[in-house]
Amino acid sequence: MRSPFRDALTTALLLTAAVAIVAAIGTQLSGGTQRIIIDAMIKMIIVLGMYIFVGNSGLLSFGHIGFLGLGAYTAAWLTIPPSIKASLMPGLPDFLATAALHPLPAALAGGAAASLAALLVGIPLTRLAGVAASIGTFAMLVVFYAIFSNWTSVTGGQGSLYGLPVFTSLPVAAGFTVATILGAAMYQASASGFRLRGSREDAVAAQASGIDIRRERLIAFVISAFFVGVAGALYAHFLQVVVAREFYLKLTFITVAMLVIGGMRSLSGAVAGTAFVAFLSEVLRQAERGIDLGVVSIGGRLGLQEVGLAIAMLIVLIFRPRGITGGRELTLGWRSR
Amino acid sequence: MIALQHILDAVNVGGLYALMALGIGLIFGVMRLINFAHGEMVMAGGYAMAMLSALPAPAVIAVSIIIVVALAVAIERGAFRPLRGKDPATLLVASFTVSYFLQNLSVLVFGARPLPFAFMPGLAEILEIGGLRVPLLQFVSLGLTVLALAGLAILVKRTTIGIELRAAAEDVVTAQLSGINVNRVIALAFVISAVLAWVVSLTYSAQIGQLSPAMGVRPLIIGFVATILGGLGSLPGAALGGFLVGAISVLLEVVLPSETRPFREAFLFGLVFIILVVRPEGIVRVCALQERV
C-alpha cells in the first residue's frame, strides 16, 4: 500500500532539490539577480503558507498579507537598535523598546505573533464558509492595514521603519523555503490535513463522518499564519525597511495570483505558480523600463507589469481554472492520482 | 442644530454607500459574483468626466455615463461571462483580478499621480440655510441618490425586465426554463450597476476633489460592509445597509476620541467581521441563498 506520508515526502524532496539547485546557481550570479531570487523565495514561503490553509480547506484567503505585516513589524520591534526605536516608535511597551534580538529568534517570534493573531481571528472566522469566509479574511486585511498605517507611535504609521539588520541572504532564504516546503508537506500528509481536505470536497459528508470542520480549519489557519509571519520577518530583513503600504492589496493580489495560477490545490502548484509569476513579473518589469531593440526602443510605462500579470491571471482562470498543475503533485514516475 | 447637521451628513454619506451597496448587490443577486471591480467603475466615471470637461455639461454627463456602461458591459462579456457557473471562489478571484487590471490600466494611461477633479466647480459652493452651512454638493448628491433609488425601485418592481431580473436572482435555472434570456438579464444588471456607480463617481469625486487610480477602493470596501450588513442578495437590504453604515460612520466620527478616529475603518470592518459571525445572512435573510442539503 502506498503511504501518503511517503508520497508527500517524495514531492517535498523533489521541490527541495529544485530550490537547492536554484540557490546554488544563484550564489554564482550578480547581486541584483540574487536579490530577485531572494524576493521570489520569500514570496514562495508566503504562498506555501497560504497554501496550507487555502489548498487544504478550499477557502480562499485575502487576509494573509495582514499576517505578513504582523511578522514584519514584530521583527522591526525586536531587532531595530533601541536607540533608533526610541525616536521611531515612542509608544512601544518597555519590553519591546529595550529588546535587541538576533534576527533568527525574531523571525520565529514573528511567526508566533502571526499564529496567535490567527488563533484569535480564526475562532470566529472558521464559522464561515465559502465566499463569506473570503470576505471575512478581506475584512481582516483592511483592519490590519488600518492599524499598521495609523498606530503611528508603535508602527511608524505611514512612514517607514528603518535600521533592521541584514539577515535574509540567499542561503537563509533558501533554508527557510525548504523548511516551509517540508512543513506544508507534513501538514498535508497529517491526519488533520486529510480531514480538512475531506471537508473541502464535501462538507456535509465530512461532518457526518464525525469531522469537526471548524477545528481542522483553525489548525490549518494557525499553522499557515506561522509560516507567513516568518516570511514577513524575512521580508523585513531583506528590504531593511518596514512600510505599512507594502502589506496591502498589491502583494495580496500577487500572492493570490501565484497560488491560483500554479493551482491552489497542490503543493507543487504553489511552488510552480510562484516561480512562474516571479519570472513573468521580472520580464514585465524589464519591459516596463523600456525595451531597447537596437534600432527602435520602446518606451516603458508604469503599470505594465501589473496589467500584464492581471491578463495572465485572467487567461489562466478562463482556460485552466485549476492552475498550471491542475491540482496534481510532482512525483517520481507516472502514478495514477 | 449640530444634531441636525449630523443627521444630514449621515443621510448623505449613507446615500452614497447605499448606491455602492446596490451596485454590488445587484450583480451578486444575478450571478453570485462579488464584484471587486465595481470600485473601478466609480474611478472610470471620475476620469471620464475629467477628460471630457471641455464639452458642455450635459454632454459630459451623457458621454461619461455611456463610457462607464460600455466598460461594465465589456467586462461582463470579456471576463465574467466565460466564467459563469464556475465555483464562487474562481469568480471572486476573477473580479479581484479585473479590479487590479483596471486600476493599473489607469496607472498606465493616466499615471499614478492624482489628477484634480474640477467638473462643475459650482458644487462646492456653500449655502446657508437657517444656520446650517451646507455645500450645494450635498443637495445635489441627495437629489441624485433619491432619484437613483426611486428609479431602481420602479424598474425592479414594476417593469417586465425587473421581474425577470428578480426571477434570475432567485433561481437562474428555473428562470431560464421559463423563457427568460439570462444573458440579457445579466448584461442589464451590469448596465444598471454601472449607472449607479456613475452617480457615486460624480458625487464622490467632487467630494474628494481629485482622481487617482485607487480611488474606487474605499467606496468599494464600504459598499461591501453595507451589502453584507444588509444581507447579500437582497436589494432593500443593501440600501438599508448603506444608510446604516453611513449613520454608524458619522456616529463613530462624533463619538470616538480624536486620536482613535483614523481607526474608524478598522472599527467598521471589525463590525463586518462580527456581523458575519453572528448573523452571516445579514439583516435581510434571502431564502434563495440558504444552503440546502
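A note on names: the letters A, B, ... follow the listed sequences, proteins ahead of strands, and every chain is numbered from 1.
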Under 4.5 Å from any heavy atom of chain B - which part of A:Ile318: both
Interface moiety of A:Ile123 toward chain B, non-hydrogen atoms closer than 4.5 Å: neither
Heavy-atom pair count under 4.5 Å with chain B, highest-scoring of A:Gly136, A:Pro124, A:Ala146: A:Pro124
Pair A:Phe53 and A:Phe67, ring centroids less than 6.0 Å apart: no
Option in A:Leu125, A:Thr152, A:Leu309 with maximal non-hydrogen atom pairs under 4.5 Å from chain B: A:Leu125
A:Tyr248 portion near chain B, given a 4.5 angstrom heavy-atom threshold: side chain
A:Tyr51 OH to A:Thr274 OG1 distance, which is reported to the nearest 0.5 Å: 12.5 Å
Derivation of the salt bridge (charged side-chain N to carboxylate O under 4.0 Å, His left out) call for A:Arg200 and A:Glu216: CA-CA 11 Å; A:Arg200 174 189 82 184; A:Glu216 307 305 340; over 6 Å; no
Residue B:Phe80 versus chain A: region with a heavy atom under 4.5 Å: neither
Selection from A:Met264, A:Gln305, A:Met313 maximising heavy-atom pairs under 4.5 Å formed with chain B: A:Met313
Contacting region of A:Val307 [heavy-atom separation from chain B under 4.5 Å]: both
Donor-acceptor under 3.5 Å (B:Ser106 side chain, B:Leu102 main chain): no
Chain A contact via B:Val109 - which portion, at a heavy-atom distance below 4.5 Å: backbone
Option that, when pairs with chain B are counted at under 4.5 Å, heavy atom only, ranks first among A:Val256, A:Ile135, A:Leu59: A:Ile135
For chain B, the option from A:Phe62, A:Phe144, A:Tyr145 that forms the most heavy-atom pairs under 4.5 Å: A:Phe62
Whether A:Arg320 side chain and A:Leu317 backbone form a donor-acceptor pair below 3.5 Å: no
Aromatic centroids of A:His64 and A:Phe221 separated by under 6.0 Å: yes
For chain B, the option from A:Gly58, A:Ala133, A:Ala139 that forms the most heavy-atom pairs under 4.5 Å: A:Ala139
Heavy-atom donor-acceptor pair, A:Arg245 side chain to A:Ser149 backbone, under 3.5 Å: no
Whether over 12 other heavy atoms sit under 6.0 Å from B:Arg81 CZ: yes
Sorted by number, residues from residues 84-99 of chain B in contact with chain A (heavy atoms, under 4.5 Å): B:Lys86, B:Pro88, B:Ala89, B:Thr90, B:Leu92, B:Val93, B:Ala94, B:Phe96, B:Thr97, B:Val98
